[in-house]
Amino acid sequence: MVELEIQVPTPFDPFAEAKESDAPGAKEYVHIRIQQRNGKKSLTTVQGLKKEFSYEKILKDLKKEFCCNGNVVQDKELGKIIQLQGDQRKNVSQFLVQVGLVRKDQIKIHGF
């Protein structure tokens with residue numbers, strides 16, 4: 001009899017490398033969302049920045065850059081969240097990349 005060696009392919013996981021690596025942002029994203037208030041009013045939230053960043057200084061620069069008001073909210077599950085008045089999603093994402101706080105592929109923009 002002839003013996004045949006059959007290799008059964010193992011399932012390929014395309015994300016296995018990203019799960020194992022400790023690269024900054026391999027698992028963590030910065031989420032930029034918009035919440036509708038009443039009428040035309042809206043609220044932009046930024047969540048997922050690293051904890052070692054000073055949220056107050058980032059907020060101060062964002063408020064000055066985009067001429068809007070905002071604050072930092074402490075959430076039990078999500079941690080610190082930056083809230084800004086108006087639809088500032090694109091502005092915030094460009095600002096965070098330009099300043100060098102996050103990479104462009106780490107940002108997820110939600111809403112509409």
Side-chain angles (χ1 to χ4, degrees):
M1 270 195 139
V2 178
E3 291 186 27
L4 296 174
E5 290 185 29
I6 299 175
Q7 293 182 345
V8 179
T10 58
F12 176 71
D13 186 10
F15 300 106
E17 187 177 301
K19 290 177 187 173
E20 295 171 2
S21 71
D22 292 330
K27 298 178 185 175
E28 298 183 17
Y29 287 101
V30 174
H31 297 277
I32 302 174
R33 294 185 171 89
I34 188 166
Q35 296 176 355
Q36 195 68 35
R37 285 179 46 215
N38 48 1
K40 296 193 308 185
K41 308 291 183 183
S42 61
L43 187 72
T44 302
T45 60
V46 182
Q47 163 198 341
L49 291 171
K50 293 184 180 177
K51 293 181 176 156
E52 54 261 13
F53 292 144
S54 173
Y55 282 70
E56 286 74 22
K57 289 184 180 180
I58 295 171
L59 175 65
K60 182 179 177 183
D61 290 339
L62 288 171
K63 287 167 55 174
K64 201 176 273 191
E65 183 78 19
F66 307 133
C67 299
C68 65
N69 202 358
N71 62 353
V72 178
V73 177
Q74 180 68 35
D75 189 49
K76 293 177 185 175
E77 297 174 3
L78 304 174
K80 289 187 176 181
I81 299 173
I82 296 176
Q83 291 183 342
L84 296 169
Q85 284 183 343
D87 185 5
Q88 307 291 342
R89 292 173 295 171
K90 290 182 181 175
N91 295 336
V92 170
S93 66
Q94 290 173 354
F95 178 83
L96 293 175
V97 171
Q98 182 182 7
V99 172
L101 295 176
V102 294
R103 294 189 317 262
K104 190 172 180 81
D105 60 340
Q106 291 177 299
I107 296 177
K108 296 235 178 196
I109 298 179
H110 305 276
F112 302 138

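Here the structure is a predicted model, which means the values were calculated and not measured. Just so you know, residue 1 is the first one in the sequence shown, and it goes up from there.
Residues K63 and D61 are not paired through a salt bridge, judged by the lack of any N-O separation under 4.0 Å between the basic side chain and the carboxylate.
Distance check: K57 NZ to L62 CG gives 14.5 Å after rounding to the nearest 0.5 Å. To the nearest 0.5 angstrom, N91 atom CG is 11.0 Å from Q98 atom CD. Interatomic distance, H31 NE2 to L49 CG, rounded to the nearest 0.5 Å: 11.0 Å. With values rounded to the nearest 0.5 angstrom, L59 atom CG is found 10.0 Å from Q83 atom CD. Note that the NZ atom of K90 and the CD1 atom of I109 stand 8.0 Å from one another [nearest 0.5 Å]. Atoms CD and CG, on Q85 and N69 in that order, are 5.0 Å from each other to the nearest 0.5 Å.
Taking all atoms of both residues into account, the shortest heavy-atom contact from Q47 to R33 is OE1-NH1, 2.8 Å. Between Q88 and T44 the shortest heavy-atom distance is N-OG1, 2.9 Å.
By the 6.0 Å contact criterion, CD on E52 is enclosed, its count of non-hydrogen atoms from other residues, nucleotides or ligands being greater than 12.
The cluster map of Ile, Leu, Val, Met, Phe, Trp and Tyr, joined by side-chain heavy atoms under 4.5 Å apart, puts V30 and F53 in the same cluster. Using a 4.5 Å cut-off between side-chain heavy atoms of Ile, Leu, Val, Met, Phe, Trp and Tyr, with links allowed through other members, L84 and I34 fall into different hydrophobic clusters. Grouping the Ile, Leu, Val, Met, Phe, Trp and Tyr side chains by contacts below 4.5 angstrom, directly or via other members, places L78 apart from V46. No continuous path of ILVMFWY side-chain contacts below 4.5 Å connects L43 to V73, so the two sit in separate hydrophobic clusters. Both I82 and V97 are assigned to one and the same hydrophobic cluster, defined by single-linkage of ILVMFWY side chains at heavy-atom distances under 4.5 Å.
Listed for the S42 side chain is no donor-acceptor partner under 3.5 Å among the backbone atoms of Q36.
Looking at V72 and I81, their side chains never come closer than 4.5 Å, going by heavy atoms from C-beta outward. The closest side-chain heavy-atom distance from L96 to V99 is not below 4.5 Å. Contact annotation: the side chain of F66 approaches that of V92 to within less than 4.5 Å [non-hydrogen atoms, C-beta and beyond]. T45 is listed as a side-chain neighbour of Q35, based on a closest heavy-atom distance under 4.5 Å. Side-chain contact check for I107 versus V102: some heavy-atom pair is nearer than 4.5 Å.
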* Asked: Given K80 and E56, is the side-chain contact (heavy atoms from CB on, under 4.5 Å) satisfied, shown in steps?
  -> CA-CA 10 Å; K80 289 187 176 181; E56 286 74 22; 4.1 Å; yes
